[in-house]
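Whatever order the structure lists ligands and atoms in, that order sets their numbers, starting from 1.
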Amino acid sequence: SARAAGPGRVRRHSDALRITQQREETLRTDLDRALAEGQLRLVYQPVVDLALHRTVSVEALLRWRHPVYGEVSPAEFVPLAEESALISELGRWVLAEATATVAALPHPDLAVAVNVSARHVRSGELVADVLRALESSGLPSSRLILEITESVLLDDEHVTDDLAALRRLGVRIAVDDFGTGWSSLAYLVGLPIDVLKMDRQFLADVETDPQRRALCSSVLHLGTSLGLVVVVEGVETATELQLLRDMGHRFIQGYLLARPLDRAVLTTQLPGLGGAAVPTSAAGLPGP
Ligand code: C2E
Ligand code: MG
Ligand code: MG
Ligand code: MG
């Protein structure tokens with residue numbers, strides 16, 4: 001009724017909004033100290049090569065255990081950090097921590113992918129920050145991948161110059177959250193990149209819709225034939241895995257094969273590198 005949608009309802013909405021704004025304010029303030037107080041950590045999610053049956057890289061993902069709110073998602077706090085120069089400080093910490101962690105593992109070919117925010121790339125400090133992390137960790141540049149979003153690439157010349165400089169040093173550049181379109185792929189030709197990471201939405205309806213499946217297959221093949229390593233993110237079901245195998249696809253990341261892992265278990269839980277074997281068919285997967 002009109003009454004139910006009246007003042008009471010408006011009040012509940014504004015209460016909810018106020019609580020959301022309060023949380024955001026608190027998180028924004030507390031993020032400053034989170035790093036110094038050891039509340040941030042990295043977890044590492046394997047990227048598996050279906051041809052070699054083993055983990056070839058891990059993606060470093062930030063985690064924040066807030067003293068009051070508990071675990072806060074990076075999807076919530078990274079955008080807050082991006083409002084200020086704090087994101088570059090955070091980015092430097094992530095680079096240092098991720099390179100040191102992976103350099104210390106007994107896997108001499110394992111690479112690590114680090115997410116770099118647009119603001120950090122645009123700051124002009126990224127090249128120096130990456131060099132410092134490589135130098136102090138001793139990790140060879142060939143084992144570092146920087147994940148950036150597509151919009152950063154299309155943005156300006158200084159940015160692409162810096163990325164090209166990083167590539168000349170041997171660091172690989174990945175385009176994160178890539179969509180499905182042909183036109184977007186055409187944009188990428190000639191840009192300084194090595195890896196394409198397909199967003200999970202790329203898999204939407206592939207199980208049921210033959211046209212979605214054809215699009216998926218074509219984009220994967222086109223990316224590969226352009227000389228890029230293509231990683232499909234967010235693989236959750238055995239059917240998705242089987243479809244990707246049937247397309248001849250190689251590189252996948254997703255909860256089906258491994259969740260993001262704590263640093264302490266990286267020596268024992270990487271699929272094909274001391275952890276479970278990578279299943280050679282969907283039938284070989286452990287049950288639910
Ligand atoms: P992203 O770089 O695209 O990372 C992939 C996200 O997908 C991660 O979420 C990962 O946990 C999640 N994921 C992995 N497998 C699956 C799956 O099978 N199904 C589903 N539904 N999700 C899956 P997470 O860790 O919450 O990170 C969210 C985003 O936050 C990242 O997206 C990235 O954009 C940003 N982020 C995380 N760590 C950092 C960081 O160190 N620096 C910066 N600048 N951004 C970061
Ligand atoms: Mg990423
Ligand atoms: Mg992604
Ligand atoms: Mg994403």
So what does the Glu147 OE1 - the Mg ion (ligand 2) - Asp176 OD2 angle come to, to 10°?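 Vertex at the Mg ion (ligand 2): approximately 90°.
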
Just so I know, are the side chains of Leu220 and Phe202 near enough to count as touching, which here means a heavy-atom distance under 4.5 Å?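 The answer is yes, as the side chains (C-beta and beyond) meet within the 4.5 Å cut-off.
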
Measuring only between side-chain heavy atoms, which start at C-beta, is Phe178 closer than 4.5 Å to Leu185?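 Side-chain contact under 4.5 Å: yes.
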
Residue-ligand contact [X]/ligand 1, heavy atom below 4.0 Å:
X      : result
Arg200 : yes
Arg63  : yes
Arg259 : no

If you take the nearest heavy atom of each of [options], which one is closest to [atom]?
atom                    : options                      : value
atom 40 (C) of ligand 1 : Thr237, Val235, Leu62, Leu42 : Leu62
atom 8 (C) of ligand 1  : Val114, Leu61, Val43, Leu95  : Leu61
atom 28 (C) of ligand 1 : Ala174, Ala60, Pro74         : Pro74
atom 19 (N) of ligand 1 : Lys197, Glu59, Glu76, Glu236 : Glu236
atom 39 (C) of ligand 1 : Leu90, Asn115, Thr149        : Asn115

To the closest 0.5 Å, what do you measure between CG (Leu153) and CD1 (Ile148)?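 It comes to 4.0 Å.
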
What's the shortest heavy-atom distance between Val278 and Gly272, and which atoms?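 Scanning both residues, the minimum pair turns out to be CG2-N, 4.3 Å.
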
Ligand 1 to Pro260 polar contact by distance, N or O atoms, under 3.5 Å: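 N/O-N/O distance under 3.5 Å: no.
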
Counting both backbone and side chain atoms, is some N or O of Gln253 under 3.5 Å from an N or O of ligand 1?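 No, Gln253 has no N/O under 3.5 Å of an N/O on ligand 1.
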
Side-chain donor/acceptor of [X] to backbone N/O of [Y], under 3.5 Å:
X      : Y      : result
Ser123 : His120 : yes
Thr149 : Asp176 : no
Arg119 : Glu83  : yes

By atom name, which N, O or S atom of Glu59 is the nearest to the Mg ion (ligand 2)?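 Relative to the Mg ion (ligand 2), the closest nitrogen, oxygen or sulfur of Glu59 carries the name OE2.
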
Going by the rule salt bridge (Lys or Arg N to Asp or Glu O under 4.0 Å), which residues pair with Arg33 if we only count those two or more places apart in sequence or in a different chain?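 Salt bridge (Lys or Arg N to Asp or Glu O under 4.0 Å) list for Arg33, sorted by chain: Asp30, Glu37.
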
Region of His120 engaging ligand 1 - heavy atom pairs below 4.0 Å: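 No part of His120 comes within reach of ligand 1.
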
Assess whether atom CD of Gln22 is packed by more than 12 heavy atoms of other residues, nucleotides or ligands within 6.0 Å.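 Above 12, so yes.
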
Pairs touching residues 158-175 that satisfy side-chain hydrogen bond (donor to acceptor under 3.5 Å, both in side chains), sequence neighbours left out: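 Only Arg167-Asp194 qualify under side-chain hydrogen bond (donor to acceptor under 3.5 Å, both in side chains).
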
Using the Mg ion (ligand 3) as the apex, give the angle to atoms OD1 (Asp177) and OE2 (Glu233), rounded to 10 degrees.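 It rounds to 150°.
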
Element-labelled atoms of ligand 1 that are located less than 4.0 Å from some non-hydrogen atom of Val94: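 Every atom of ligand 1 under 4.0 Å from some heavy atom of Val94: 41 (O).
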
Proximal atoms of ligand 1 relative to Glu233 (non-hydrogen, under 4.0 Å):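 That gives atoms 3 (O), 4 (O), 5 (C) of ligand 1.
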
